[in-house]
Amino acid sequence: MQKNNIALLHFNPIELYPPVINLLNYMADQLPDYKVCVFTCSTTEAKLPYRSKAKNIRIERFADLDHSLSVTQRYRNYFRFYYKTYKYLQTLHPEWIWYFETISALPVSWYFKHRPFQDSKLLIHYHEYVAPEEYQNGPLMIRWIHHGEKKLYQRAQYLSHTNGKRMDLFLSDEKLSLGAKAHIFPNYPPKSWIAGEKRKREKEYPIRIVHAGSIGMDSLYIKEFCRWVHQQGGRVEFDIYSNQSTQALADFLSSEGLQFSHTKGYIPYEDLPNVLGKYDVGVILYKGVITNHIYAVSNKLFEYWACGLDVWFSDKMLSSLEYARSDFYPKLLPMNFEQLDQLDLVAAISHEGLGYQSTPYYCEPLFEAFFEQCGMMENRENREC
């Protein structure tokens, strides 16, 4: 086993997962004695591929997730990723293996099957919660991989989800009792995102609202919100940033003649704090059509808050309700996006009589506590003595 080597398997392109970028940046800075090899895919959706300047972070991309490819070509890409990653694991024999999501698990299953007594330590993290019926009704390949990864759960040193409710659902689904192995790993932004006290608005209108993230025409209240923005007659301006194609949204806005909503294209993650700071409100528009969304606490809630924006999130996101606050600003308000005609805009945007409170949630203390539990901070401590 090669000490101080970490193999991080993240099949989906890491650029589309800001929490992973934050994690790698932290590891580059705080764990320089560890060599981290990241196995992921490339995609045209990522305008700027992530490249770490740190010598201890290495990125291997074994497949291209091009959605224009045929099903056969895509499956060839999948298995190219799995086979090459498996061969690298055999060569590296890393001290730690950390895979993210079921779709990344197959090379790890192969590795432990063919090296049943080897001593690599295993970490597992799920960005999302997948209900049993979603596995059952989803792609056969994912169902097959999930069946195999169940054998890995008891071997893992730590298994994490982004919040407690998702973890409870997962443990119940899998009939597991992991005890101290179960870990909650929320999606917080870096401390550097936290803005100084943002001045209260000097003029009421227009209210500048932003959505930054994926665009699902059916899974988000994006149509409803754009219609409501138009009805405000200029009191509200709404800008949408996404690394996904915004053509369907642009066509919708054009077909209905909706004004004051604008598609703005892609903003690199590291530039988001400067962009978000120009807005008054950030919105999170999930409809809650699947259990994963109902029990989501979006990383955007913490990112908007860090940048000094009020946050409006769907009241269908039950796990987010614990963060609702209106006794300070920025305010974090659950919204019924199905009844926007009943929204009191003046009351929603008012900060009268409220004091400022910055977010207490940022990722560095979370990462430090986790790596200390794993025993990975010992080398750093010994080096500093």
Scanning both residues in full, the closest heavy-atom pair of N22 with P190 reads OD1-CG, 3.4 Å
Which side-chain N or O atoms in residues 288-298 pair as donor and acceptor under 3.5 Å with protein atoms at least two apart or in another chain?
unit_1	atom_1	unit_2	atom_2	d
N292	OD1	Y129	N	2.8
N292	OD1	R166	NE	3.4
N292	OD1	R166	NH2	2.7
N292	ND2	E128	OE1	2.8
S298	OG	K300	N	3.0

Requested in this report: Would you confirm whether S254, through its side chain, and A250, through its main-chain N or O, come within 3.5 Å as a donor-acceptor pair?
Outcome: no
Is a side-chain N or O of D315 found less than 3.5 angstrom from the main chain of P334, in a donor-acceptor match? no
Could you walk me through whether H93 and N5 pass side-chain hydrogen bond (donor to acceptor under 3.5 Å, both in side chains), step by step? CA-CA 8 Å; H93 192 189; N5 268 12; over 6 Å; no
Determine, step by step, whether Q157 and H183 satisfy the side-chain hydrogen bond (donor to acceptor under 3.5 Å, both in side chains) criterion, reporting the C-alpha distance in whole Å, the side-chain angles of both residues, the deciding distance to 0.1 Å, and the verdict.
CA-CA 10 Å; Q157 269 65 34; H183 192 83; over 6 Å; no
inquiry  = Quick test of your reading of the model: are K151 and E149 salt-bridged, counting only N-O distances below 4.0 Å?
reply    = no
Nearest heavy-atom contact between A7 and L89 is CB-CD2, 3.6 Å
Q | Path from Y323 to L318 over hydrophobic side-chain contacts below 4.5 Å | A | yes
Worksheet item: Do you reckon V71 sits in the same ILVMFWY cluster as I103, going by side-chain contacts under 4.5 Å, direct or chained?
Response: yes
K287 backbone acceptor or donor facing S314 side chain under 3.5 Å: no
Relative to the ring of W312, is the ring of F225 parallel (under 30°), tilted (30 to 60°) or perpendicular (over 60°)? perpendicular
Report task. Please report the C-alpha distance between V229 and I209 in whole Å, then the side-chain angles of each, then the deciding distance to 0.1 Å, and finally whether the side chain to side chain contact (heavy atoms under 4.5 Å, CB included) criterion is met. Result -> CA-CA 10 Å; V229 167; I209 301 179; 5.6 Å; no
inquiry  = Just checking Y111 against Y86, ring centres under 6.0 Å apart?
reply    = no
When rounded to the nearest 0.5 Å, the distance separating CG of D173 from CD of E133 is 8.0 Å
- prompt: For D218, does the CG atom sit with more than 12 other heavy atoms under 6.0 Å from it, leaving out its own atoms?
  reply: no
Do Y88 and F39 make the cut of ring centroids closer than 6.0 angstrom?
-> yes
Discussion item. Tell me whether E237 is salt-bridged to K264, with the criterion being a basic N under 4.0 Å from an acidic carboxylate O.
Written reply: no
Check: Mind checking whether H161 and F170 have parallel, tilted or perpendicular rings, split at 30° and 60°?
Finding: tilted
In this structure, NE2 of H146 is separated from CD of E174 (nearest 0.5 Å) by 4.0 Å
| request: Report the C-alpha distance between L8 and L23 in whole Å, list the side-chain angles of each, state the deciding distance to 0.1 Å, and finish with yes or no for side chain to side chain contact (heavy atoms under 4.5 Å, CB included). | output: CA-CA 11 Å; L8 192 153; L23 175 65; 4.2 Å; yes
*Answer with yes or no whether the hydrophobic clustering places F62 together with M141; edges join I, L, V, M, F, W, Y residues whose side-chain heavy atoms lie under 4.5 Å apart.*
yes
Legend entry - Whether over 12 other heavy atoms sit under 6.0 Å from R76 CZ: no
Exercise. Return yes when atom NZ of K35 has more than 12 non-hydrogen atoms of other residues, nucleotides or ligands closer than 6.0 Å, and no otherwise.
Key: no
Note to self: With heavy-atom distances below 4.5 Å as the criterion, would you say the side chains of V38 and I14 are in contact?
What the structure shows: yes
Interatomic distance, SG@C363 vs CZ@F185, rounded to 0.5 Å, equals 9.0 Å
For E101 and Y99 the tightest heavy-atom approach is O-CD1, 3.4 Å
Next on the checklist: Please verify the inter-ring angle class for H10 with F100; under 30° counts as parallel, over 60° as perpendicular, anything in between as tilted.
Outcome noted: tilted
Here the gap from R143 atom CZ to N137 atom CG, rounded to the nearest 0.5 Å, amounts to 7.5 Å
- Is a side-chain donor or acceptor of S255 paired with a backbone partner of F252 at a separation under 3.5 angstrom? yes
| Parallel, tilted or perpendicular: rings of H125 and H127 (30°, 60°) | perpendicular
Indicate whether any N or O donor in one side chain lies under 3.5 Å from an N or O acceptor in the other, for E303 and N299.
yes
Any chance you could lay out the side-chain hydrogen bond (donor to acceptor under 3.5 Å, both in side chains) test for E338 and Y221, step after step, and finish with the verdict? CA-CA 8 Å; E338 296 176 359; Y221 289 111; 2.8 Å; yes
F370-Y158 aromatic ring centre distance below 6.0 Å = yes
query = What do the steps show when you test Y269 against N243 for side-chain hydrogen bond (donor to acceptor under 3.5 Å, both in side chains), and what is the final call?
reply = CA-CA 10 Å; Y269 182 69; N243 58 13; over 6 Å; no
Discussion item. Other residues, nucleotides and ligands only: do more than 12 of their heavy atoms fall within 6.0 Å of NZ on K191?
Written reply: no
Run L123 and W96 through side chain to side chain contact (heavy atoms under 4.5 Å, CB included) and show every step you take.
CA-CA 7 Å; L123 305 172; W96 292 91; 3.7 Å; yes
In this structure, CG of L92 is separated from SG of C37 (nearest 0.5 Å) by 5.5 Å
Query raised in the report: Taking the six-membered ring where the residue is Trp, are the ring centres of Y304 and F313 under 6.0 Å apart?
Result: no
Q.
If hydrophobic clusters are built from ILVMFWY residues whose side chains come within less than 4.5 Å, do I194 and F302 share one?
A. no
d(K181 NZ, L176 CG) to nearest 0.5 Å is 10.0 Å
Smallest heavy-atom separation, S120 atom then P94 atom, equals OG-O, 2.5 Å
Shared hydrophobic cluster for L272 and Y362 (ILVMFWY, side-chain gaps under 4.5 Å):
no
Report task. Answer yes or no: does atom OH of Y83 have more than 12 heavy-atom neighbours from other residues, nucleotides or ligands under 6.0 Å? Result -> no
Q. Do we see a donor-acceptor contact under 3.5 Å between the side chains of T263 and Y241?
A. no
Evaluate the side chain to side chain contact (heavy atoms under 4.5 Å, CB included) criterion for residues L345 and Q232: first the C-alpha distance (whole Å), next the side-chain angles of each, then the deciding distance (0.1 Å), finally the verdict.
CA-CA 10 Å; L345 179 60; Q232 303 314 301; 4.1 Å; yes
From the list V283, L258, V210, side chain to side chain contact (heavy atoms under 4.5 Å, CB included) partner of F238 resolves to V283
With sequence neighbours left out, the residues meeting salt bridge (charged side-chain N to carboxylate O under 4.0 Å, His left out) with D239 are R208
* Side chains of Q73 and S70: donor-acceptor distance under 3.5 Å anywhere? -> yes
Nearest heavy-atom approach of L69 to N77 is CD1-ND2, 3.3 Å
**Prompt:** Parallel, tilted or perpendicular for Y78 and Y82, by the 30°/60° rule?
**Reply:** tilted
Tightest non-hydrogen contact, residues I215 and L220, listed as CA-CD1, 4.0 Å
Practice item. Could you label the plane-to-plane angle of the Y126 and Y153 rings as parallel, tilted or perpendicular, counting under 30° as parallel and over 60° as perpendicular? Key: perpendicular
